[in-house]
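Every value quoted in this text rests on a predicted model; they were computed, and no experiment measured them. Indexing begins at 1, ligand by ligand and atom by atom, following the structure's order.
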Amino acid sequence: MINITIWNESGHKGRAYPEGMNAALASIFQDKARFNVDCALLGDEAQGFPGERLEHTDVLFWWGHSKHEKVSDELSERICARVREGMGAVFLHSAHFSKPFRSLMGTTCSLSWREAPGECERIWITNPYHPVARGITNGFRLDREEMYGEYFDIPKPDDVVFTGWFTGGEVFRSGCAFERGKGRIFYFQPGHESFPIYRDENIRSIILNAALWAARADEGLVDFVPDGSCPHVRVSPEPIRAWSLRRIRLKK
Ligand code: ZN
């Protein structure tokens, strides 16, 4: 049994997630024989970690955006210590700026960003051998997403599993794997609260894979077999639709 705690700084019950973002994320882990899921909010008792919840967590999912400074230093330090002891941690979207993530990275974790109408993202797999990439469609498209661009000030990741491309031409290391002590850490960029990103099937598979990988339960997850005849594969990707580029131009 893998104990998962999904933490969010607020409920985000809006158009994208009428049931709340935590519930949308929790619905990814429907295998009750395999997963035990707890949801927590910053406003809950002990900032979401009453009793021994943190000690019993195998994989922590963390979503934060505008309330990072409200998280106590003490809780952040406890999370970092748990990661070094072996707890998995998956930092979603703007959790790049959360206290525990910045502390685990040791850098500013700053990046460039823009919210523009009609902007889409395509996610490219840059390490198909990594367990988190299992079963994912290369180059899948999110019709709307906030742009996060380089330079992303993180230490060199152990793996860059996904790279995002945005309509404006920016690129971003969207899926990065790290280890700190005995713990595995995954940072995954998609997930702006205005768009129903966590309903996308590829995104849900990545989050499921990330939980298994971070819990060290990913044996057998690597099934990528390269085309042995030639590493140069001719591809015909879906073209980028002109409308999204045009809309950005009109906006300026
Ligand atoms: Zn955002």
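- At a cut-off of 2.8 Å, measuring from the Zn ion (ligand 1), the protein N, O or S atoms that fall short of it are His93 NE2, Glu146 OE1, His192 ND1, waters left aside.
- The pair Glu55-Arg78 meets the salt-bridge criterion, with a side-chain N (NZ, NE, NH1 or NH2) lying under 4.0 Å from an Asp/Glu carboxylate O.
- Remark: Arg216 pairs with Glu179, Arg184 by the side-chain contact (heavy atoms from CB on, under 4.5 Å) rule, at least two apart or across chains.
- Take Phe195 and apply the ring-ring contact (aromatic ring centres under 6.0 Å, His included) test, not counting sequence neighbours, and it matches His192.
- In this structure, Arg102 is positioned above the aromatic face of Phe97, its NZ or CZ under 6.0 Å from the six-membered ring centre and within 45° of the axis.
- Residues satisfying the side-chain hydrogen bond (donor to acceptor under 3.5 Å, both in side chains) criterion with Arg84, sequence neighbours excluded, are absent altogether.
- Using a 4.0 Å cut-off between charged nitrogen and carboxylate oxygen, Lys99 and Glu77 do not count as a salt-bridge pair.
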